[in-house]
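We name chains A, B, ... by the order of the sequence lines, and we start the count at 1 in each one.
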There are 2 protein chains.
Amino acid sequence: MQNSDAMALSAALLAVAGELTQRIHDGVVARGFEGLRPAHGFAFSRLAPDGATVTELAAHLGVTKQAASQLVDEIVRKGYAERRPHPGDARARLVVLTERGWACTRAAEEAAAEAVRRWAEVLGEGEVRALWGNLGQIAPGGPIRPAW
Amino acid sequence: MQNSDAMALSAALLAVAGELTQRIHDGVVARGFEGLRPAHGFAFSRLAPDGATVTELAAHLGVTKQAASQLVDEIVRKGYAERRPHPGDARARLVVLTERGWACTRAAEEAAAEAVRRWAEVLGEGEVRALWGNLGQIAPGGPIRPAW
DNA sequence: CTGAATGGTCAACCCGCTTGACCATAAACC
DNA sequence: GGTTTATGGTCAAGCGGGTTGACCATTCAG
């Protein structure tokens with residue numbers, strides 16, 4: 001495999017990633033959730049299970065805790081999450097999704113499913129599963145950083 | 001395929017895209033090209049064949065022409081490209097890569113190849129080619145936008 | 001030849017993120 | 001127990017890359 005092939009593969013991957021992000025974002029907006037940026041989705045995915053502290057969120061997103069704090073301010077102000085006292089650590093505050101936050105998360109899932117369905121139309125369901133499997137194996141575990 | 005599966009696939013794709021971008025960027029820096037951001041790579045890829053005007057570059061990157069103009073200023077100042085009069089249109093100026101710009105592009109290709117090689121170690125060469133083929137089919141043709 | 005359209009730049013502003021300082025609570029240590 | 005160090009969080013100021021708006025030069029359409 002030549003270097004130029006690797007570049008072509010990279011370009012395709014990044015193009016798909018960019019378009020996917022756009023489609024999910026558009027889909028979320030179309031379902032009535034406004035004032036959000038794609039980065040918020042990654043925050044939601046970290047908050048979803050059991051909530052998280054600002055510091056944990058910052059690590060997940062790969063930004064400073066100040067930036068994460070601002071982001072939390074924003075989604076709290078817009079009604080997607082709320083801050084609660086942290087059980088067992090009076091310094092920390094647990095950020096959890098509100099019902100509206102959950103609804104938005106479900107909307108994002110629907111939008112993602114729509115985008116993936118388009119791929120299945122082109123590749124077939126089997127290839128999409130193969131894609132999933134392959135990507136899952138090479139996906140890193142670290143913080144989710146903006147692609148560029 | 002369930003919505004949550006689509007979300008898992010999306011998350012994996014975006015994680016891989018983010019890591020790939022980081023690795024290419026790191027590799028370029030390691031080869032001695034500093035002061036560049038990932039976005040510059042996408043500009044280079046558009047300039048590479050025969051150069052481009054600021055407006056074409058703006059369309060390719062999905063930003064305003066003012067932003068593209070600033071970006072060109074930067075890579076010109078750092079010696080990666082130069083502005084030339086456009087043959088056949090006195091308003092336009094053709095932005096072309098310098099030799100250093102070409103060297104940087106080759107460095108990026110090497111870094112991409114390194115990253116892809118890691119995938120091949122996990123998936124095998126055949127699956128990587130399959131990945132390439134599948135991504136190539138679903139990749140959009142439009143402007144390359146930052147993932148988020 | 002005139003008026004609209006296009007390529008490009010300059011200027012002001014916005015917004016998200018960073019660095020640096022600081023307070024409150026927790027954990028570590030004598 | 002009391003002091004020191006580390007950790008969670010916020011406030012404030014500044015930076016950097018982007019946007020909008022205005023403008024000039026050249027080209028194209030009538």
Taking side chain to side chain contact (heavy atoms under 4.5 Å, CB included) as the definition, give me every residue that meets it alongside B:Ser45, ordered by chain and number, with sequence neighbours left out. B:His60
Contact state string [nucleotides 17-30 of chain D, B base, S sugar-phosphate only, - no protein heavy atom under 4.0 Å]: SBBBB---BBS---
Figure out the CZ/C1' separation between B:Arg93 and C:dT9, and round it to whole Å. 9 Å
For B:Leu94 and C:dT6, what is the distance between atoms CG and P respectively, to the nearest whole Å? 20 Å
Applying ring-ring contact (aromatic ring centres under 6.0 Å, His included), which residue pairs with at least one partner in residues 102-122 of chain A are found, sequence neighbours left out? none
Tell me the interatomic distance from A:Leu61, atom CG, to C:dT18, atom P, rounded to whole angstroms. 10 Å
To which residues is A:Val96 joined in a hydrophobic cluster, defined by side-chain heavy-atom contacts under 4.5 Å among Ile, Leu, Val, Met, Phe, Trp and Tyr, whether direct or through other members? A:Leu94
Between B:Thr55 and C:dG8, is there a contact of a side-chain N or O with OP1 or OP2 at under 4.0 Å? yes
Rounded interatomic separation in angstrom, taking CG from A:Leu57 and P from D:dT7: 19 Å
For A:Glu109, the side-chain hydrogen bond (donor to acceptor under 3.5 Å, both in side chains) test, sequence neighbours excluded, returns none
Salt bridge present between A:Glu125 and A:Arg129 (N-O < 4.0 angstrom): yes
ring-ring contact (aromatic ring centres under 6.0 Å, His included) partners of A:Phe33, counting only residues at least two apart: none
Find the distance A:Ile75:CD1 to C:dG16:P and express it as a whole number of Å. 13 Å
Would you say A:Ser69 places a side-chain N or O within less than 4.0 Å of OP1 or OP2 belonging to D:dT10? yes
Can a side chain N or O of A:Thr53 be found less than 4.0 Å away from OP1 or OP2 on D:dG9? yes
Whole-Å distance, A:His60 NE2 to D:dG8 C1', equals 19 Å
Reckon B:Arg83 has a side-chain N or O less than 4.0 Å from the OP1 or OP2 of C:dG7? no
